[in-house]
Each structure stands twice: as structure tokens, then as C-alpha cells.
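Heads up: the structure comes next, in C-alpha cells.
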Amino acid sequence: MSADTTPNLMSDTTPMQPAEDPATLQLKQSMLSNFSVFDHENTKTVDVSEVRAIIASLELYPTQTELHDLITEMEEEEPTGYIRYDRFEPVVFRAITEKRYSPASEEILLKAFEVLDRDSKGYLTPEDMEMYFTEGEDSFSKEELDEFLHSAIDPNTGTINYRDFVQSMLGPSS
């Protein structure tokens, strides 16, 4: 090729974006996939009330106060009640890569349940859990409590055997 027909690559004023590594691409795809489950109208927006479920599906478990802070960071200047994916992704990506809001270890979860089990029975009743989970600053909503109880109650006994529940929650890798 002669010098006058060689393309001048230096004249392109568009800055090149560095290629993202496969792990980053996979994480972002997972985030988009989980977000999309709640994006019922395919508009890359979700109702603000669904953010907790989305980030929990990504294994992030902030307190109610921390969740409020995350949502505030994701919202528009004038809150609309909806969160756009382009505002969600950087906030949640940073939380995941900084390993914030990770689930507690099996040992910590069992100790927490044992504190609630004052009689050392090895189980708690749904009424116990309702009382504990609906009081205080980080209380569960009615929907969250119902979802928890649905997954935690042993259908044979009607109680929550917390050792079994923690094992099922953490899976075989714990």
C-alpha cells in the first residue's frame, strides 16, 4: 500500500474503550439477566420496590439502611419510583467487586438463630420469627416475611429447624 492510501489510525478521535475481561463481562451479564426478570415491560427499568429482590438474587444482602442508601444512589435526581438499569449497574457492580453485603457465614447464622432460640429447642416457630423480623429498624415487610416463612418452615412440623434452613440456604458448598 502506498503512503497516501494507508489509513491514518491516529486521526480517529473516538477514544478506544479497553476490552473488559471475561469475568467482568460474565458478572455484567448476570446482573442484566437478574434485572431483566423484574423488567416486565422490557424498558430497562424496574420498580424501586424490586431492587432488594434483584440484589439478593446476586447474593448481596444489605441492611434496610444500606439498601436505602443504594437506592438513593441509583435514583434519578427527582425520584420516579423506578430504577433504570444504566443507574443500577455501576452501583451494584461496585458493591459486588468490593465484596460488600455478602451473606453471613454458616457459623454466624447459626449463632444468630441460637440467640433467638432461648430454650435451645433447635427450632423456632413462625410466630417467633414474625415477632423478631417485624420489629426494629431493619424489619421485614409483610411480603419479605411471607417469602422467608414459605422457604423456611418445615411442612412436616410447621416449625423452622434453623440448622436445616441454614444448610439449605447456603447450599452444599458451606
Side-chain angles (χ1 to χ4, degrees), residues 17-113 116 124 126 129-130 132-154 160-174:
Q17 294 291 330
E20 292 184 324
D21 65 273
T24 297
L25 291 172
Q26 184 177 5
L27 175 56
K28 288 185 175 183
Q29 181 56 44
S30 177
M31 290 169 49
L32 178 59
S33 176
N34 290 15
F35 186 94
S36 296
V37 168
F38 295 88
D39 181 10
H40 306 295
E41 297 176 16
N42 295 322
T43 57
K44 296 226 182 211
T45 60
V46 295
D47 189 286
V48 71
S49 67
E50 295 172 321
V51 170
R52 178 185 283 278
I54 298 167
I55 63 175
S57 72
L58 294 164
E59 297 185 14
L60 297 176
Y61 304 98
T63 65
Q64 192 67 27
T65 302
E66 292 166 335
L67 177 65
H68 175 73
D69 293 344
L70 286 170
I71 289 171
T72 299
E73 193 174 345
M74 291 175 201
E75 285 181 315
E76 304 292 331
E77 283 186 37
E78 293 294 322
T80 62
Y82 292 92
I83 300 295
R84 291 190 347 249
Y85 184 75
D86 66 330
R87 307 255 324 172
F88 171 89
E89 182 190 82
V91 173
V92 174
F93 182 82
R94 189 171 56 253
I96 292 171
T97 57
E98 292 174 0
K99 298 183 181 349
R100 295 187 302 178
Y101 319 122
S102 297
S105 69
E106 179 178 5
E107 180 181 353
I108 290 172
L109 290 171
L110 286 174
K111 284 182 181 180
F113 276 111
L116 300 176
L124 295 163
M129 297 310 292
E130 184 171 358
Y132 295 133
F133 284 7
T134 58
E135 297 175 356
E137 184 178 319
D138 288 328
S139 62
F140 279 33
S141 69
K142 172 80 170 114
E143 293 81 20
E144 291 169 326
L145 178 64
D146 290 345
E147 185 178 322
F148 168 79
L149 292 175
H150 178 75
S151 65
I153 294 174
D154 180 330
I160 300 152
N161 179 317
Y162 50 84
R163 283 181 178 72
D164 291 346
F165 176 68
V166 167
Q167 280 293 316
S168 70
M169 191 171 63
L170 296 178
S173 64
S174 62

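In this text, all values refer to a predicted model and were calculated from it rather than measured experimentally. Computation of the quantities below employed the complete heavy-atom set of this structure, encompassing side-chain atoms and omitting hydrogens, waters and symmetry-equivalent molecules.
- Separating the CD1 atom in I96 from the OG1 atom in T24 is a distance of 11.0 Å, to the nearest 0.5 Å.
- Remark: Y82 OH is loosely packed, at most 12 non-hydrogen atoms of other residues, nucleotides or ligands lying under 6.0 Å away.
- Side-chain atoms of T72 come within 3.5 Å of backbone atoms of H68 as a donor-acceptor pair (strictly under, hydrogens ignored).
- Note: E106 CD to R163 CZ = 10.0 Å, rounded to the nearest 0.5 Å.
- T45 and T43 share a side-chain donor-acceptor pair at under 3.5 Å.
- Note on ring orientation: taking the six-membered ring where Trp is involved, the planes of F148 and F165 are perpendicular (angle over 60°, cut-offs 30° and 60°).
- With a 6.0 Å radius and a threshold of 12 heavy atoms from other residues, nucleotides or ligands, Q64 has its CD atom above the threshold.
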Working for side-chain contact (heavy atoms from CB on, under 4.5 Å), residues Y101 and L70: CA-CA 11 Å; Y101 319 122; L70 286 170; 3.7 Å; yes
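- The OG atom of S49 lies 10.0 Å from the CD1 atom of I83; values are rounded to the nearest 0.5 Å.
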Going through the checks in order, is the side-chain contact (heavy atoms from CB on, under 4.5 Å) test met by E66 and R100? CA-CA 10 Å; E66 292 166 335; R100 295 187 302 178; over 6 Å; no
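- In this structure, E20 pairs ionically with K28, as a charged nitrogen and a carboxylate oxygen lie closer than 4.0 Å.
- For the pair P126 and L149, the tightest heavy-atom approach, listed with the atom from each and the gap, is CA-CD2, 4.1 Å.
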Run the numbers on V166 and F113 for side-chain contact (heavy atoms from CB on, under 4.5 Å), then give the verdict. CA-CA 9 Å; V166 167; F113 276 111; 3.8 Å; yes
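- Within 6.0 Å of atom CD in E76, more than 12 heavy atoms from other residues, nucleotides or ligands are found, so the atom counts as buried in its surroundings.
- Here the side chain of S36 pairs a donor or acceptor atom with the backbone of L32 at under 3.5 angstrom.
- Residue-environment remark: CD (E41) stays at or below the threshold of 12 foreign heavy atoms within 6.0 Å.
- Taking the six-membered ring where the residue is Trp, H40 and F38 present perpendicular rings, their angle passing 60° and hence far from 30°.
- For the atom pair CG of L145 and OH of Y132, the computed distance is 14.0 Å after rounding to the nearest 0.5 Å.
- One finds the CG atom of D146 at 11.0 Å from the OG atom of S151 (value rounded to the nearest 0.5 Å).
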Could you go through V92 and I54, starting from their C-alpha distance and side-chain angles, then the distance that decides it, and tell me whether this counts as side-chain contact (heavy atoms from CB on, under 4.5 Å)? CA-CA 10 Å; V92 174; I54 298 167; over 6 Å; no
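- Between the CG atom in L58 and the CG atom in N34 there is a gap of 4.5 Å [rounded to 0.5 Å].
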